[in-house]
Amino acid sequence: MKFFPDSLAVNKGDTVRFVNKDLVVHDVTEELKQTWTSSPLSTGKSWDLVITQNVAYFCSLHVVMKGKIVVKR
Amino acid sequence: MKMIKLFVKVNLLLLAIMLMQALPILAQENPTLSDPEVAHVAVVANQIDISYAEIAKKRSKNKAVLKFAETMANDHNAVIDQAAALAEKLGVTPKDNAVSQQLLADAEKTRKTLEASSRKAFDKTYIDNEVAYHKAVIAAVKGLLIPETENAELKELLQNVMPALETHLKHAEKVQKEFEGK
């Protein structure tokens, strides 16, 4: 299981929508200090994140699932 | 403003924990499993890991261990639901068999070990077992259960669960590092 894609470059202000396509619950959580989280997303649920800066995130339920989003310069 | 969809591409994880000690059993005796028997083994194997997780949730005070146990319980319950739905769709009744019985017998021994371990030793005992269990399951699903399965949908479910099993293993190994040398 993994974020797909697990690396993404977007423009500042873009909204990224995370969609759980799995049959188990996942979340999207800021990796370094857990400053934000989507809260648990069950199958089929989605969550939007407006990108204002580079972010590294993971699933706090499956801690080896990681991803990053960078803002294009 | 642009909207970008990012999929959490997960793979079922189905039979997750399956076949813990079944690997040596199957390797030694090379039994032939029917699809209803494969389905039964899958459900039993998931139930076993849930039972370990329940023990961990009662005995551990370690945050990482508790989080891992919670994830195992939730994920394997989801897998059981998926397997049950498929069995119903296919009109298959999971059938008890020697592998399932051996899994349960071995799980009972593990349960006793977990229950008997000291509070200090519990976390390491639990997570070491989870690492070993998932390694055995991955090997068994890949090398034995998938080849044994005839129904295409059941085979696909087994194949789809493999990445999830590997994620569980990596997660367990990550937690295990916390207890190295203890």
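Letters go in sequence order (proteins before strands), and every chain restarts at 1. Nothing here was measured: the structure is a model prediction, and the numbers come from that model.
Cluster annotation: A:Leu41 and A:Trp36 are assigned to the same hydrophobic cluster (Ile/Leu/Val/Met/Phe/Trp/Tyr, side-chain heavy-atom contacts under 4.5 Å, transitive). Taking hydrophobic clusters as Ile, Leu, Val, Met, Phe, Trp and Tyr residues chained together by side-chain heavy-atom distances below 4.5 Å, B:Tyr126 shares a cluster with B:Leu169. Put simply, B:Leu66 and A:Val24 are part of two different groups of oily side chains (I, L, V, M, F, W, Y) that touch within less than 4.5 Å, one to the next. In terms of hydrophobic clustering, with Ile, Leu, Val, Met, Phe, Trp and Tyr side chains grouped at heavy-atom distances under 4.5 Å, B:Val65 and A:Val63 are assigned to different clusters.
Only the side chain of A:Val64 has a heavy atom closer than 4.5 Å to any heavy atom of chain B. Using a 4.5 Å cut-off between heavy atoms, B:Lys170 touches chain A through backbone and side chain atoms alike. A:Ser60 touches chain B through backbone and side chain together, each having a heavy atom under 4.5 Å away.
Interatomic distance, A:Met65 CE to B:His171 NE2, rounded to the nearest 0.5 Å: 11.5 Å. Rounding to the nearest 0.5 Å gives a distance of 7.5 Å between NE2 of A:His62 and OG1 of B:Thr167. Put simply, CE on A:Met1 and CG on B:Asn160 are 11.5 Å apart, with the number rounded to the nearest 0.5 Å. Considering CG of A:Leu61 and NZ of B:Lys67, their distance stands at 5.5 Å, rounded to 0.5 Å.
B:Lys57 NZ: more than 12 foreign heavy atoms inside a 6.0 Å radius. Counting non-hydrogen atoms of other residues, nucleotides and ligands closer than 6.0 Å to NZ of B:Lys155 gives a total above 12.
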